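Here the structure comes first, spelled out in structure tokens, and everything after it is commentary.
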Amino acid sequence: METRRFYVRPDEITGAQGILDEAETHHLRDVVRLEVGNRIRVFDGVGNEFSCRIEEIERRKTRFSIIGPVPPESPESPLDLRIAAVLLKGDKLDIIVQKAVELGVRSFRPLVSERCDVRPDGISKRLQRWRRIALEATKQCGRAALMQIEDLISIDEFLQTPAAGDETRVMFSERSGRNFNSLLKSKQMTAIFGPEGGWDDRELEMAKNVGLAIITFGGRIMKADTAAIAISAILQNRFGDLN
């Protein structure tokens, strides 16, 4: 029998005991129909995973005991890869969030730019949706660390915020950039993707002025959503563990 995986907040683990919340309990009890005594795997979203035994199933919560730690099926990449992407039409960012989790991305930052043709109205609901998508994708792909969904900001504000520690920021553009092979290895990298209409000249100039690497891929013209997924995979292959 397949061992099911569930998410528990770190503050819901005390010693060798833990509690699954109402949403996870519903899935455990009503969807996959597990019972007291069944073995499950539980991850805490910060990289830890445990083999556990169901002790009690209630209406709104499930109590479990921890048997011991287990390695996640998908370990975290040595590359701390983060992506920042301008808002796109439809469900394109939903797909980017899902695939970014599968590709081992650590965090996702939505952006607004000059040529962004999506209004940021209702962004709080979209953030909640992306967090649900990230959680489900984490369960399915075997990671034990949740990809963080950060708040929406403008590209100007993002560029004016100093990079953290050894972070390398890379802006991908359809023009005015260097070859990908010029990109140096880094342990922490933030890949920045523009809107469907491309970056404005002022934004590219601003990125250059703050010292960002601007990279242009030759040989292929990719849509904004394709670029975010494909380039994340390429970066993990070149600098991470996707090899």
Side-chain angles (χ1 to χ4, degrees), residues 79-97 99-100 103-124 126-127 130 147-240:
L79 172 64
D80 182 352
L81 177 60
R82 302 154 188 259
I83 62 175
V86 173
L87 294 178
L88 301 173
K89 292 180 180 177
D91 63 354
K92 293 177 180 178
L93 280 183
D94 293 4
I95 297 170
I96 289 174
V97 166
K99 301 310 174 186
L103 289 167
V105 174
R106 302 283 180 89
S107 71
F108 170 79
R109 165 81 76 177
L111 302 172
V112 175
S113 72
E114 185 73 26
R115 295 180 180 175
C116 174
D117 55 4
V118 178
R119 294 178 62 85
D121 301 344
I123 188 61
S124 61
R126 297 189 74 182
L127 291 171
W130 293 331
M147 184 179 78
Q148 298 302 304
I149 306 295
E150 302 185 42
D151 291 337
L152 175 76
I153 62 172
S154 69
I155 183 62
D156 287 21
E157 183 181 354
F158 182 79
L159 293 176
Q160 291 167 1
T161 303
D166 297 327
E167 177 190 10
T168 297
R169 292 184 174 180
V170 187
M171 176 179 276
F172 289 90
S173 173
E174 78 286 355
R175 58 191 171 87
S176 303
R178 309 196 309 261
N179 186 280
F180 178 78
N181 290 331
S182 67
L183 197 57
L184 299 178
K185 184 174 183 179
S186 174
K187 292 184 178 179
Q188 182 177 342
M189 187 174 293
T190 298
I192 309 165
F193 302 99
E196 292 169 315
W199 296 111
D200 184 75
D201 289 342
R202 181 190 61 81
E203 293 164 342
L204 287 172
E205 189 63 28
M206 185 177 181
K208 291 177 182 177
N209 290 339
V210 298
L212 263 70
I214 300 177
I215 298 296
T216 298
F217 272 90
R220 295 288 182 272
I221 298 175
M222 293 182 280
K223 294 172 63 178
D225 50 329
T226 304
I229 296 169
I231 293 172
S232 294
I234 291 169
L235 291 171
Q236 286 287 28
N237 173 259
R238 180 65 67 91
F239 305 118

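No experiment lies behind these values; they were computed from the predicted model shown.
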For side-chain contact (heavy atoms from CB on, under 4.5 Å), just list the numbers for R126 and L93, CA-CA rounded to whole Å, side-chain angles, deciding distance to a tenth of an Å, and then say yes or no.
-> CA-CA 10 Å; R126 297 189 74 182; L93 280 183; 4.3 Å; yes

Quick one: does R109's side chain have a donor or acceptor within less than 3.5 Å of a partner on I149's backbone?
-> no

Mind checking what makes salt bridge (Lys or Arg N to Asp or Glu O under 4.0 Å) contact with K89, not counting sequence neighbours?
-> D117

Closest heavy-atom contact between P195 and L88?
-> CA-CD2, 4.3 Å

Acceptor/donor pairs from residues 224-233 side chains to any protein atom, 3.5 angstrom cut, sequence neighbours excluded:
{"residue": "S232", "atom": "OG", "partner": "A228", "partner atom": "O", "Å": "2.7"}

T190 meets the side chain to side chain donor-acceptor pair (under 3.5 Å) criterion, sequence neighbours left out, with E167

Could you grab the distance from atom CD1 of I214 to atom NZ of K208, nearest 0.5 Å is fine?
-> 5.0 Å

Any donor and acceptor pair, going by atom type alone, linking the side chain of S107 with main-chain N or O of Q148 inside 3.5 Å?
-> no

Gap between atom CG of N209 and atom CG of L159 - 0.5 Å precision | 10.0 Å

First locate atom CD1 of I155, then atom CE of M206, and finally report the distance between them rounded to the nearest 0.5 Å.
-> 8.0 Å

Listed by chain and number, what are the side chain to side chain donor-acceptor pair (under 3.5 Å) partners of D166, not counting sequence neighbours?
-> none

Supply the atom-to-atom distance I96 CD1 to W130 CH2, rounded to the nearest 0.5 angstrom.
-> 9.5 Å

Rounded distance (nearest 0.5 Å) linking atom CZ of F180 with atom OG1 of T216 = 12.5 Å

Any donor-acceptor pair under 3.5 Å linking the side chain of R106 with the backbone of R82?
-> no

For residues 189-200, the salt bridge (charged side-chain N to carboxylate O under 4.0 Å, His left out) pairs (sequence neighbours left out) are K92-E196

List for me each residue that meets salt bridge (Lys or Arg N to Asp or Glu O under 4.0 Å) alongside E157, sequence neighbours excluded, and say none if there are none.
-> none

Measure the OG-CG distance between S124 and L152 for me, rounded to the nearest 0.5 Å.
-> 11.0 Å

Mind checking whether L111 and C116 have side chains closer than 4.5 Å, heavy atoms only?
-> no

Not counting sequence neighbours, which residues clear side chain to side chain donor-acceptor pair (under 3.5 Å) with S186? List them please.
-> T168

I would like to know whether S182 and I215 meet side-chain contact (heavy atoms from CB on, under 4.5 Å); could you show each step before the answer?
-> CA-CA 8 Å; S182 67; I215 298 296; 3.8 Å; yes

Check whether any side-chain heavy atom of L79 sits under 4.5 Å from a side-chain heavy atom of R238, and report yes or no.
-> no

Residue pairs, two or more places apart or on separate chains, that pass salt bridge (charged side-chain N to carboxylate O under 4.0 Å, His left out) and touch residues 170-194 | R175-D201

Residues which pass side chain to side chain contact (heavy atoms under 4.5 Å, CB included) with A100, listed by chain and number, not counting sequence neighbours = I83, V105, M147

Listed partners of Q236 passing side chain to side chain donor-acceptor pair (under 3.5 Å), at least two apart = S77

Sorted by chain and number, sequence neighbours left out, ring-ring contact (aromatic ring centres under 6.0 Å, His included) with F239 holds for none

Do we get R169 above F158's six-membered ring, with its NZ or CZ under 6.0 Å from the centre and within 45° of the axis?
-> yes

Can you list the residues that meet the salt bridge (Lys or Arg N to Asp or Glu O under 4.0 Å) rule with R202, with sequence neighbours excluded?
-> E114, D156

